[in-house]
Amino acid sequence: MKIVSEILEQRVSTAMERVAGQKGCAAIVRPSTDPKFGDYQANGVMALAKKIKVDPVTTAQEVVTNLDVSDICESPEVAGPGFINLRLKSDFIADRLLQINADPARQLGIEKTGEPKTIVVDFSCPNIAKQMHVGHLRSTIIGDCICRTLEFLGHKVIRQNHIGDWGTQFGMLAYYFNWRLLKQAEEKVAKGIVFDTADHSIPDIEEFYRQAKTLFDANPDFARGAREYVVKLQSGDDYVLSHWKFIRGQSLSHCQELYDQLGVTLTPNDVHGESDYRDSLPSVVDELRAHDIAETSDDAICVFPEGFKNKEGEPLPFIIQKSDGAYLYATTDLAALRYRVDELKADKIAYVTDARQKLHFEMLFATGRMAGWAPENVELVHVTFGSVLGENGQPLKTRSGENVKLKELLDEAVERAKAIVEEKNPDLSPAKKDEIAKAVGIGAVKYADYSNNRTSDYVFSFDKMLAMDGNTAPYMQYAYARISSIMKKGKDRGINTKGEVASVETPSLTELAELDLAKYLIRYGEAIEAAIADYRPNYLTSYLYELAQKFSAFYTKCPVLDSHPDKRPTRLLLCDLTAKTIKHGLSELLGIEVVEQM
Ligand code: ARG
């Protein structure tokens with residue numbers, strides 16, 4: 001089904017064009033903020049009137065005369081300085097409900113896009129050889145929600161986990177391994193020390209890197225050896241590479257465990273890290289030089305994309321090769337951009353990183369355009385986000401000032417959720433308690449992040465995110481579980497709930513609360529569109545939260561199982577569609593599990 005606001009947009013625009021005698025009029029149809037003004041408002045007439053220099057109210061009236069929406073709305077009304085208020089007809093709403101009900105459950109009446117695109121989403125992208133920390137949370141889950149939503153709408157999504165898996169720290173680590181192995185050979189007999197790289201996973205490797213850095217600064221022999229290894233790694237020395245592969249493998253299994261715990265759709269197949277581009281870096285530089293896009297400046301090779309200036313007003317360089325020959329983050333991103341357009345055939349590339357990389361991506365996009373690697377018809381978007389803060393308003397850190405490990409954060413969330421379940425529902429089986437605790441704990445962390453406007457910072461608070469009231473995961477999960485229990489109770493009482501839902505031919509929406517809920521249910525597609533248009537999951541959480549509240553209002557006013565048998569099927573239908581919508585939003589689009597019982 002086409003989204004209601006889109007249909008109205010088209011109809012009103014057409015009427016405006018007729019009145020103005022010109023094409024390209026925007027109706028600007030928005031949901032009304034106050035039910036007094038109907039369900040939707042068209043706000044475009046004022047701008048049009050100003051443009052063609054006529055009275056806005058008279059124009060709005062003429063537009064209404066030329067407007068045919070009788071199949072959808074009551075008679076449109078002109079209000080204020082030239083708004084057009086539109087109120088949906090109950091019959092139209094009822095009919096939509098039936099169509100949603102007839103649609104295979106998962107689609108909920110939402111059409112796939114008529115213009116499917118190939119969209120590359122670059123997200124998560126940790127620098128590996130250390131544990132993932134809270135700084136990786138937002139990119140990982142916001143990116144995941146974007147992928148899920150685009151796929152649901154029918155786009156081809158290519159996930160790219162552009163991990164930082166190449167560079168000096170790997171040479172240093174490889175040398176550290178070697179150094180420990182050599183030491184062991186000397187000391188083994190005497191002390192019985194056994195150092196086997198295979199025994200170590202990421203937490204150890206992270207510690208080794210710390211030790212390697214200390215040694216690097218303190219011990220000239222170590223520093224010399226480490227530098228040699230960095231060069232050997234770059235030239236593809238088999239022995240050094242074997243250490244690198246080991247470290248990389250351990251890191252990736254650590255990341256995958258977290259992706260699985262988070263319910264994020266990334267798999268090992270989506271990893272396409274910096275190391276994959278190492279052979280194409282020389283050609284990036286060569287090509288840019290050959291086309292006079294890059295030049296040597298202060299010994300480094302740089303691009304000076306137009307419009308980028310430093311504080312002194314001098315052109316800002318996008319450095320692609322240092323004087324010692326080393327390539328940079330920028331070079332790899334240029335290679336990746338070229339690959340994604342040429343090989344992956346991307347129509348659009350969305351990069352999900354924190355706002356601090358804004359300048360990098362602006363310069364990357366500008367350079368990509370100059371080089372012709374990203375032609376104008378390929379859309380490049382930087383989806384930024386703010387920081388996760390501690391209660392003190394500073395970026396979230398441990399007491400000792402380190403980054404909070406993502407694993408520890410998630411485990412704590414599940415543990416806290418478990419304590420709540422134990423308290424509220426001590427009689428559940430241990431397995432059930434664990435299942436609920438996992439859904440609620442992980443869900444709470446994700447939902448709290450999603451429900452904040454992504455461009456703002458937010459304060460991480462277990463207490464707030466685990467609260468049973470307010471716009472939280474537990475509240476939403478409870479809303480779902482509550483409807484499930486209504487349905488279950490119905491069945492226990494011998495009511496054929498499924499059969500009644502399927503039997504509804506003309507929903508009877510006589511109560512205000514029924515109508516209000518029904519109207520909101522048919523707007524799910526609008527919420528999805530709004531969320532994806534600007535990559536803002538908080539539009540989805542807001543919608544779901546409001547839906548749950550409307551359901552609550554409905555359920556307080558309108559008995560369901562105890563209603564008159566004539567009314568019951570419609571009310572069961574409203575329950576069923578609410579549950580399906582919440583479940584779909586949470587589990588399919590946000591990747592948050594629902595539970596039947598809480
Ligand atoms: N690894 C980078 C970091 O941790 C993020 C990479 C984002 N993606 C990209 N194509 N540059 O900051």
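Atoms within each ligand, like the ligands themselves, are counted from 1 in listed order. Here the structure is a predicted model, which means the values were calculated and not measured. Hydrogens, waters and symmetry mates play no part in the numbers below; they use all other heavy atoms, side chains included.
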query: Do Lys418 and Glu415 meet the salt-bridge criterion of a basic N to acidic O distance under 4.0 Å?
result: no
Checklist line | Pairing of Glu526 and Arg523 as salt bridge, 4.0 angstrom limit | finding: yes
key: Trp179 six-ring face occupied by Arg224 cation (under 6.0 Å, within 45°)   = no
Discussion item. Using 30° and 60° as the class boundaries, would you call the ring planes of Tyr239 and His243 parallel, tilted or perpendicular?
Written reply: perpendicular
Residues pairing under salt bridge (Lys or Arg N to Asp or Glu O under 4.0 Å) where one sits in residues 289-313, two or more places apart or in two chains, turn out to be none
What short N/O contacts, under 3.5 Å, does ligand 1 make with the protein, listed by atom pair and distance?
residue, atom, partner, partner atom, Å
ligand 1, 1 (N), Cys125, O, 2.9
ligand 1, 1 (N), Asn127, OD1, 2.9
ligand 1, 4 (O), Asn127, ND2, 3.4
ligand 1, 8 (N), Asp122, OD1, 2.9
ligand 1, 10 (N), Asp122, OD2, 2.8
ligand 1, 10 (N), Asp333, OD1, 2.7
ligand 1, 11 (N), Tyr329, OH, 2.7
ligand 1, 11 (N), Asp333, OD1, 3.4
ligand 1, 11 (N), Asp333, OD2, 2.7
ligand 1, 12 (O), Gln357, NE2, 3.0

* Asp144/Arg148 salt bridge by N-O under 4.0 Å criterion -> yes
